[in-house]
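Comments concern the structure below.
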Number of protein chains: 4
Amino acid sequence: MANDYSANVPIYLQIINEIKLKIASGEWKTGQRILPVRELAMQFTVNPNTMQRALAELEREGLIYTERTTGKFVTSDDILVSNVRDMLAREYMQSFFSSMQKLGYNMGQTMKIIEDYVTKYKEGK
Amino acid sequence: MANDYSANVPIYLQIINEIKLKIASGEWKTGQRILPVRELAMQFTVNPNTMQRALAELEREGLIYTERTTGKFVTSDDILVSNVRDMLAREYMQSFFSSMQKLGYNMGQTMKIIEDYVTKYKEGK
Amino acid sequence: MANDYSANVPIYLQIINEIKLKIASGEWKTGQRILPVRELAMQFTVNPNTMQRALAELEREGLIYTERTTGKFVTSDDILVSNVRDMLAREYMQSFFSSMQKLGYNMGQTMKIIEDYVTKYKEGK
Amino acid sequence: MANDYSANVPIYLQIINEIKLKIASGEWKTGQRILPVRELAMQFTVNPNTMQRALAELEREGLIYTERTTGKFVTSDDILVSNVRDMLAREYMQSFFSSMQKLGYNMGQTMKIIEDYVTKYKEGK
DNA sequence: GTGGTCTAGACCACC
DNA sequence: GTGGTCTAGACCACA
């Protein structure tokens with residue numbers, strides 16, 4: 001049996017995911033300037049180096065770019081952002097179906113549960 | 001420095017979830033005797049004290065009971081198990097919809113994505 | 001006129017190039033274990049973090065891989081190494097021809113100079 | 001901590017090389033008057049003192065001479081310029097062969113690579 | 001004031 | 001002892 005009791009997910013990876021979500025969801029708009037590294041670090045209560053590392057990684061993925069001495073910006077590539085958003089949605093969905101499967105629900109049963117939930121949600125609203 | 005990044009989730013909590021999942025999914029059947037603590041601890045490659053703590057917690061929730069001198073058993077209360085299973089499914093589902101909402105998909109859009117996914121899944125199969 | 005009086009090339013980039021050369025030239029053989037990060041850092045008289053960064057980059061390029069708790073190894077992919085070697089050779093060559101062009105030699109003239117040089121070299125030997 | 005990583009090459013040395021190249025390549029013609037130090041300094045976006053130092057060095061090497069009250073001129077000694085040009089070419093070439101050797105190519109292999117490259121270059125053109 | 005880099009020193013998980 | 005991560009604090013180039 002494989003045993004990996006959650007070795008702490010590195011902070012910089014958690015930050016990467018958080019920011020990726022902000023960009024994908026449009027909370028950080030394409031082309032928009034982002035806060036200075038040091039301010040971001042304070043906002044996330046993290047060391048500037050850690051933030052720097054996270055942003056460097058996001059830059060490698062193309063979600064952020066740097067203008068020397070001016071600052072960092074969200075990419076202006078709407079298609080890229082859209083792809084990231086789709087990819088995240090897909091990950092969430094697959095993870096959800098996988099969890100349901102572990103609980104013993106096959107896809108059809110899972111769909112039924114979802115539909116019931118949505119129906120009740122609409123009525124409740 | 002105080003920060004809000006996931007300090008390790010205590011191992012005993014992780015184990016509780018694992019076992020709860022085994023019971024809810026039927027991998028551990030109702031009324032079935034479970035292995036001695038020490039063996040379970042080995043199986044999970046965990047300290048026996050940690051396993052003991054997890055089992056105690058599960059017992060408080062009624063999912064496990066102890067017969068002195070005989071050992072520990074999964075509850076025989078099928079309804080309780082069924083409720084736990086439903087509850088977990090509900091948690092997964094709410095968490096999923098919540099994530100999708102953070103990504104900017106409302107419930108209708110999310111449903112559409114799910115249906116597309118399921119359709120493609122069936123075709124692919 | 002563009003002015004960029006060599007801002008120091010970052011040490012970690014210099015190290016990357018040095019190590020890449022060692023691997024491409026076969027001084028570090030494919031599959032061979034490399035020294036621990038901290039020892040390498042001492043050998044290069046550099047901070048361990050700097051060495052770590054360089055090695056991480058090389059790992060992203062596939063030239064190095066890590067076995068947890070065991071150490072780091074040169075890739076076993078001979079083809080990859082061969083490609084890197086070819087690429088470096090090509091870079092050197094293009095840089096050379098480019099320099100000669102700046103000096104006012106076209107490709108034919110450059111070839112002539114090379115051949116003279118090689119001829120003399122052989123005679124001298 | 002002492003280490004052997006390229007501390008910035010002094011700017012005046014970089015400028016010397018740049019100007020030497022201009023003279024050797026004929027961009028600055030023999031006997032031609034060169035701009036006043038202050039204008040050159042501006043062109044190179046460099047402190048006038050730095051430019052002065054570079055020109056003084058070039059004068060010591062005979063590539064430049066000063067006529068009091070008139071200004072500075074490129075040497076009229078075509079043979080000297082030609083020699084400098086040859087010497088630079090030779091340096092580039094030796095540096096190139098040396099790099100290739102470090103990569104593990106002997107002179108014959110290097111020649112083969114050059115010829116392949118030139119052949120493809122001509123076809124491509 | 002901006003990002004980028006480097007050092008020093010520490011802690012952690014894994015074996 | 002191995003790699004990986006994090007913090008703190010410093011320095012640099014560029015504009």
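Throughout, protein chains are lettered first and strands after them, A, B, ... in sequence-line order, and every chain is numbered starting at 1.
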Runs of at least three Watson-Crick or G-U pairs with DNA chain E, cut-off 3.5 Å: E:1-14 with F:1-14

Given atom [atom1] of [X] and atom [atom2] of [N], what is their separation to the nearest angstrom?
{"X": "C:Met51", "N": "F:dT5", "atom1": "CE", "atom2": "C1'", "value": "18 Å"}
{"X": "C:Met42", "N": "E:dA8", "atom1": "CE", "atom2": "P", "value": "13 Å"}
{"X": "A:Ile11", "N": "E:dA10", "atom1": "CD1", "atom2": "C1'", "value": "14 Å"}
{"X": "C:Ile15", "N": "E:dT5", "atom1": "CD1", "atom2": "C1'", "value": "12 Å"}
{"X": "C:Asn47", "N": "E:dA10", "atom1": "CG", "atom2": "C1'", "value": "12 Å"}

Sequence neighbours excluded, which residues qualify as side chain to side chain donor-acceptor pair (under 3.5 Å) partners of [X]?
{"X": "A:Asn83", "result": "none"}
{"X": "B:Gln101", "result": "none"}
{"X": "B:Asn17", "result": "none"}

Show me the pairs that pass salt bridge (Lys or Arg N to Asp or Glu O under 4.0 Å) and involve residues 45-58 of chain D, at least two apart or across chains. D:Glu57-D:Arg60

Provide the full list of salt bridge (Lys or Arg N to Asp or Glu O under 4.0 Å) pairs with a residue in residues 65-75 of chain A, sequence neighbours left out, each pair given once. A:Glu59-A:Lys72

Check if the side chain of A:Asn49 and the base of F:dG9 share a donor-acceptor pair of N or O atoms closer than 3.5 Å. yes

Assess whether side chain to side chain contact (heavy atoms under 4.5 Å, CB included) is satisfied between C:Leu40 and C:Leu55, documenting all intermediate values. CA-CA 10 Å; C:Leu40 271 185; C:Leu55 295 177; 4.1 Å; yes

Closer than 3.5 angstrom, by distance alone: can the side chain of A:Thr50 be matched with the main-chain N or O of A:Val46 as a donor-acceptor pair? no

Pairing residues for B:Phe97 by the ring-ring contact (aromatic ring centres under 6.0 Å, His included) criterion, not counting sequence neighbours: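 Per chain and number, B:Phe97 pairs via ring-ring contact (aromatic ring centres under 6.0 Å, His included) with A:Tyr117.
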
Restricting to ring-ring contact (aromatic ring centres under 6.0 Å, His included), what partner residues turn up for B:Phe96, sequence neighbours left out? A:Phe96

Near DNA chain E, under 4.0 Å by heavy atom, which residues of residues 27-39 of chain A?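 Contacting residues: A:Arg33, A:Pro36, A:Val37, A:Arg38.
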
Could I get the full list of salt bridge (charged side-chain N to carboxylate O under 4.0 Å, His left out) partners for B:Glu91, not counting sequence neighbours? none

Taking only the side-chain nitrogens and oxygens of C:Tyr12, find out if one of them lies under 4.0 Å from OP1 or OP2 of E:dT5.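 Checking E:dT5 against C:Tyr12, a side-chain N or O does come within under 4.0 Å of OP1 or OP2.
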
Side-chain polar contacts of residues 19-32 of chain A - donor-acceptor pairs under 3.5 angstrom, sequence neighbours left out - could you list them?
{"from": "A:Lys20", "atom 1": "NZ", "to": "A:Glu61", "atom 2": "OE1", "distance (Å)": "3.2"}
{"from": "A:Lys22", "atom 1": "NZ", "to": "A:Glu27", "atom 2": "OE2", "distance (Å)": "3.3"}
{"from": "A:Ser25", "atom 1": "OG", "to": "A:Leu21", "atom 2": "O", "distance (Å)": "2.9"}
{"from": "A:Ser25", "atom 1": "OG", "to": "A:Lys22", "atom 2": "O", "distance (Å)": "3.2"}
{"from": "A:Ser25", "atom 1": "OG", "to": "A:Glu27", "atom 2": "N", "distance (Å)": "3.4"}
{"from": "A:Thr30", "atom 1": "OG1", "to": "A:Asp78", "atom 2": "OD1", "distance (Å)": "3.0"}
{"from": "A:Gln32", "atom 1": "OE1", "to": "A:Lys29", "atom 2": "N", "distance (Å)": "3.1"}

Nucleic acid contacts - residues 52-72 of chain A versus DNA chain F, non-hydrogen atoms under 4.0 Å: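 DNA chain F contact set from residues 52-72 of chain A: A:Arg53, A:Thr69.
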
